[in-house]
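In the text below, chain A, chain B and the rest are named by the order of the sequence lines, each starting its count at 1. Just so it is clear, the model here is predicted, and its values are computed rather than measured.
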Protein chains: 2
Amino acid sequence: MAIAESAPSDGRRLRGDRTRRAILDAAARLASVEGLEGLSIGRLADHLNISKSGLYAHFRSKEALQVAAIRTADEIYTRDLVIPAMESAPGRDRLIRFCDLFLDYIRDGPFPGGCFFIASTIDPARARQPVRDALADVQSRLLGFFEECVREAQRSGQVSVQLDARQMAFAVDGVLVGADLNFLLFRDPGYLELARSEVRRLLGA
Amino acid sequence: MAIAESAPSDGRRLRGDRTRRAILDAAARLASVEGLEGLSIGRLADHLNISKSGLYAHFRSKEALQVAAIRTADEIYTRDLVIPAMESAPGRDRLIRFCDLFLDYIRDGPFPGGCFFIASTIDPARARQPVRDALADVQSRLLGFFEECVREAQRSGQVSVQLDARQMAFAVDGVLVGADLNFLLFRDPGYLELARSEVRRLLGA
DNA sequence: TAGTTTACCGACCGATCGTGCTATCTTGTC
DNA sequence: GACAAGATAGCACGATCGGTCGGTAAACTA
């Protein structure tokens with residue numbers, strides 16, 4: 001719904017949609033390395049072998065491109081991490097599965113600069129409000145997902161009800177963020193394994 | 001040792017040293033917002049009311065400025081966080097004290113963009129090797145400090161010896177990084193309090 | 001076939017980037 | 001007072017930034 005709403009018979013729009021998708025995929029990948037602000041229109045166009053003005057025909061401003069890239073990254077993470085994690089049982093298993101997938105994704109996923117959202121969250125001090133809002137929205141939903149997993153795990157007795165579910169969700173988020181940053185800095189996958197152990201320890205598994 | 005090694009009687013060098021220090025302080029502050037790469041010589045000079053070339057006379061390249069800014073930030077953190085934390089008893093108390101000081105620093109400290117090093121660690125994908133190395137060195141020492149605190153806490157029986165000290169240090173680092181990022185994104189000090197509780201919970205206090 | 005819509009391009013704009021070169025002050029030594 | 005050293009400024013460079021404009025080719029509609 002977000003991107004394609006044209007008549008499928010129109011070859012012009014089909015071509016445009018394909019281009020737009022290619023731009024957004026590349027933008028999300030590049031932004032994980034350069035950050036959302038550091039992402040430059042010129043370099044992005046070069047990388048796609050199209051002209052800057054051709055790219056600009058699809059997004060009226062850099063800000064519009066940034067917001068669309070955030071939505072694209074969100075869709076990619078949902079497709080590759082959230083939905084597969086949903087196949088695991090609700091609660092602890094699901095949360096651990098998500099974390100494992102995320103840690104794999106840092107090393108082998110399509111984002112060469114580590115997690116797209118962590119790279120983008122640093123920039124927002126400079127970013128304009130719509131960009132900040134889009135990022136905050138994604139992060140809210142992520143923390144909510146974690147918290148719901150913890151609550152479900154508490155309902156089923158896997159995790160002590162003494163623990164604050166919100167705080168546990170925050171702790172898990174911290175482990176993943178720490179893994180991303182330390183792996184980026186040291187290029188040492190050991191931190192990903194450390195994170196894997198720590199998530200299990202946190203959840204008493 | 002790092003900066004001033006001139007004869008204290010020479011007014012010329014005194015003036016230069018004062019300027020250099022002012023540049024580095026402002027650079028560290030600005031870099032916490034813009035990142036080390038996003039930090040621009042022109043804006044930095046404007047902010048200090050000096051000319052770009054006047055600034056450039058002190059640092060032969062942007063890279064040299066970046067590395068010097070990292071060293072400066074390191075000194076600031078050592079002065080304001082590490083040394084005060086050293087007044088607390090070794091082990092758990094010292095680590096908790098450091099974390100509390102760090103979380104206060106995010107909100108009220110001299111770095112308006114949150115922790116300087118977290119903001120800078122995102123960029124290094126783009127950064128040149130000397131910059132990466134300087135950042136990795138600081139982070140190594142931080143994790144080492146955490147780990148030593150945990151080990152000492154284990155020696156004195158405050159923390160179970162069953163736990164992996166390296167993993168605990170990593171977990172504490174993750175909580176602090178998560179607090180910084182979530183506070184930056186949501187501008188909600190609640191995440192700092194959440195981090196405070198979580199550090200205590202991790203260390204069994 | 002004529003006219004319209006859409007995708008895309010080349011050329012260009014003003015601003016800013018990092019970085020040099022050449023003065024010009026100020027402060028020191030003799 | 002002559003001279004050197006160091007701090008700082010003025011100016012300009014090539015490159016790149018985000019962004020605009022007029023135009024062309026292709027695809028659709030009538």
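Sequence order on DNA chain D of the closest nucleotides to A:S53 and A:G38 puts A:G38 first from the 5' end. Each of B:S61 and B:R15 lies near DNA chain C, and the nucleotide nearest B:S61 is the one positioned closer to the 5' end.
Distance A:R12 CZ to C:dT6 C1': 5 Å, rounded to the nearest Å. Put simply, CG on A:D46 is 8 Å from P on D:dC17, counting in whole angstrom units. One can place CD1 of B:I41 at 5 Å from P of C:dG18, the figure rounded to the nearest angstrom. If you take NZ of A:K62 and P of D:dG19, they are 8 Å apart, rounded to a whole angstrom. One can place CG of A:N49 at 16 Å from C1' of C:dA7, the figure rounded to the nearest angstrom. Taking atom CD of A:E37 as the reference point, atom C1' of D:dG18 lies 11 Å away to the nearest angstrom. Taking atom OH on B:Y56 and atom C1' on C:dT19, their separation rounds to 5 Å, with Å as the unit. If you measure from atom CD of A:Q66 to atom C1' of D:dG18, you get 11 Å, rounded to the nearest angstrom.
Using a 4.0 Å heavy-atom distance criterion, A:I50 is classed as a sugar-phosphate-only contact. At a threshold of 4.0 angstrom between heavy atoms, the contacts of B:L39 are confined to the sugar-phosphate backbone, with no base atom among them.
Salt-bridge annotation for B:R20 and B:D17: present, with a side-chain N of the basic residue lying under 4.0 Å from a carboxylate O of the acidic one.
The side chain of B:T19 places an N or O atom within less than 4.0 Å of a non-bridging phosphate oxygen (OP1 or OP2) of D:dT8. For the pair A:R43 and D:dC17, the criterion of a side-chain N or O lying under 4.0 Å from OP1 or OP2 is met. Contact check, B:S40 against C:dC17: a side-chain N or O comes under 4.0 Å of OP1 or OP2. For D:dG6, neither phosphate oxygen OP1 nor OP2 lies less than 4.0 angstrom from any side-chain nitrogen or oxygen of B:H58. Considering only side-chain N and O atoms, A:R13 lies under 4.0 angstrom from the phosphate OP1 or OP2 of C:dT6.
In terms of polar N and O atoms assigned as donor or acceptor, the side chain of B:S51 never comes within less than 3.5 Å of the base of D:dG10 in a complementary pairing. Counting atom types as modelled, A:K52 pairs a side-chain N or O with a base atom of D:dG19 as donor and acceptor under 3.5 Å.
No side-chain donor-acceptor contact under 3.5 Å links A:D188 and A:N182.
Checking each of A:V175, A:L192, A:L185, A:I118 against A:D180 for a side-chain contact (heavy atoms from CB on, under 4.5 Å) leaves exactly one that passes, namely A:I118.
In this structure, A:Y77 and A:Y105 have perpendicular ring planes: the angle between them is above 60°, well past the 30° mark. Ring pair A:F186/A:Y191 is parallel by interplanar angle, where below 30° counts as parallel and above 60° as perpendicular.
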